[in-house]
There are 2 protein chains.
Amino acid sequence: MTLTNKVSQINYSISDLSKEFDITTRSIRFYEDKGLLAPTRKGQTRIYNQRDQVRLKLILRGKRLGFSLAETGRLFELYDADKSSAKQLTIMMELISEKKDDLKQKLEDINAVLIELNDIENNCKSILKTLTT
Amino acid sequence: MTLTNKVSQINYSISDLSKEFDITTRSIRFYEDKGLLAPTRKGQTRIYNQRDQVRLKLILRGKRLGFSLAETGRLFELYDADKSSAKQLTIMMELISEKKDDLKQKLEDINAVLIELNDIENNCKSILKTLTT
DNA sequence: CAGGAAGTTTACGTAAACGTAAAGTAAATA
DNA sequence: TATTTACTTTACGTTTACGTAAACTTCCTG
């Protein structure tokens, strides 16, 4: 294999990503500062690849879920973690289990709010009917 | 009806609530400061009733969902809102619709993360098997 | 009646997640 | 070659959601 594999090497500038995800470049650099992104450099300039882009997407998804950047960082560690030792693996599985419990709680919470909102909505609708007829 | 209806008047002190929900009294006073709670007073002392207790529960549920206190406050306004005018009602229903969209997005996000966590978990399990056999 | 225990207000401190200049570099373009 | 455009670092400012401490009142108890 003397040929370096540069196939499908898609690169992004910081403004590419800022436009794609509708966030400021400040935010993107901040995420790097917090260790969530690690773009390569060409001179001074940051070069982002596909992996960085995916990570950014995950960061924003985490934010929508109310995860702190630190929590999202821990999730990244889970993705990337060293899976060589049984000890590491069991620690990981505990963390995963905790996160899953957390998410299940959120599912419950969301469903509860959705039910309440639907109730209010239906109430509004029926009142509107009495007002317009 | 000359009898004042004081049946089922359950009261709570600030420390009652702080213990029940495992939060500090500082937080509870802070929520009041932000207009999310409005306990009555007996002298200086705050007296919370059932409604306040429910509200506090909702505040904490909102927090778990990543709602800011301001957002939770807006939800409270929806619950309590004046439903007399058709205009008000249609505005409300728009806000409800927005919130529902927001929550549906969160449901999708959570399900996505859950799927990924399950993948990692299964991966861990199978590796653990190869390590222990 | 001294001394907790539980409540209060006031106010400064803090962590997270950026916003917002300021001041400089580097490449592309008129 | 001058300048616009896109990038960079440094650094102070801001909002949210409290933590923490000080100083005070009120009530109960040994």
Side-chain angles (χ1 to χ4, degrees), chain A residues 10-49 52-53 55-77 99 102 105-106 109, chain B residues 10-49 52-53 55-77 99 102 105-106 109:
Chain A
I10 305 168
N11 288 335
Y12 307 87
S13 73
I14 194 165
S15 54
D16 287 343
L17 292 183
S18 105
K19 279 166 200 159
E20 175 174 358
F21 294 110
D22 195 31
I23 56 178
T24 65
T25 58
R26 175 72 178 87
S27 298
I28 299 176
R29 293 195 193 96
F30 184 77
Y31 300 151
E32 177 178 349
D33 215 55
K34 294 295 156 180
L36 298 182
L37 294 173
T40 57
R41 299 272 179 146
K42 185 186 162 191
Q44 286 246 90
T45 310
R46 278 164 250 253
I47 309 286
Y48 299 87
N49 61 22
D52 297 316
Q53 191 252 15
R55 285 220 167 197
L56 192 44
K57 192 182 299 185
L58 295 179
I59 292 170
L60 298 178
R61 192 181 64 186
K63 295 207 69 187
R64 287 197 301 272
L65 291 180
F67 290 179
S68 70
L69 296 181
E71 281 178 298
T72 300
R74 260 172 275 145
L75 277 183
F76 285 173
E77 287 173 23
K99 264 296 162 203
D102 176 19
Q105 173 68 59
K106 288 195 182 192
D109 288 334
Chain B
I10 306 168
N11 287 336
Y12 307 87
S13 73
I14 194 165
S15 54
D16 287 343
L17 293 183
S18 105
K19 279 166 198 159
E20 175 174 359
F21 293 110
D22 195 30
I23 57 179
T24 64
T25 58
R26 176 72 178 88
S27 297
I28 298 176
R29 293 197 193 94
F30 185 77
Y31 301 150
E32 178 178 348
D33 214 57
K34 293 296 156 181
L36 298 182
L37 293 172
T40 57
R41 298 273 179 146
K42 184 186 163 191
Q44 286 245 91
T45 311
R46 278 164 251 253
I47 309 284
Y48 300 87
N49 60 23
D52 297 318
Q53 190 251 15
R55 285 220 167 197
L56 192 44
K57 194 183 296 186
L58 295 179
I59 292 170
L60 298 178
R61 192 181 64 186
K63 295 206 68 186
R64 287 197 300 272
L65 292 179
F67 289 179
S68 71
L69 295 181
E71 281 178 298
T72 299
R74 260 172 274 146
L75 277 183
F76 285 172
E77 287 173 23
K99 264 296 162 204
D102 177 18
Q105 173 68 59
K106 288 194 182 192
D109 288 334

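Bear in mind the structure is a predicted one, so any value in this text is a computation, not a measurement.
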Item to check | For A:Asp102, all residues meeting salt bridge (Lys or Arg N to Asp or Glu O under 4.0 Å), sequence neighbours excluded | outcome: A:Lys99
Checklist entry - Please, what dot-bracket string fits DNA chain D when only Watson-Crick and G-U pairs with both distances under 3.5 Å count, crossing ones use [ ] and pairs to another strand use |? => result ||||||||||||||||||||||||||||||
Table please: side-chain donor-acceptor pairs of residues 34-43 of chain B below 3.5 Å, with sequence neighbours left out.
| unit_1 | atom_1 | unit_2 | atom_2 | d |
| --- | --- | --- | --- | --- |
| B:Thr40 | OG1 | B:Ile47 | O | 3.3 |
| B:Arg41 | NH1 | B:Gln44 | O | 2.7 |

Item to check | Residues that B:Asn11 engages under side-chain hydrogen bond (donor to acceptor under 3.5 Å, both in side chains), provided they are two or more places apart | outcome: none
Item to check | Residues in side-chain hydrogen bond (donor to acceptor under 3.5 Å, both in side chains) contact with A:Thr24, at least two apart in sequence or another chain | outcome: A:Ser27
Checklist entry - Residues in side-chain hydrogen bond (donor to acceptor under 3.5 Å, both in side chains) with A:Asp109, at least two apart? => result A:Gln105, B:Arg64
Checklist entry - With A:Glu77, which residues qualify under side-chain hydrogen bond (donor to acceptor under 3.5 Å, both in side chains), at least two apart? => result none
Checklist entry - Can you name the side chain to side chain contact (heavy atoms under 4.5 Å, CB included) partners of B:Thr45, sequence neighbours left out? => result none
Item to check | Contact pattern, 5' to 3', of nucleotides 6-19 of chain C - B, S or - by protein heavy atom under 4.0 Å | outcome: SSBB-B-----BBB
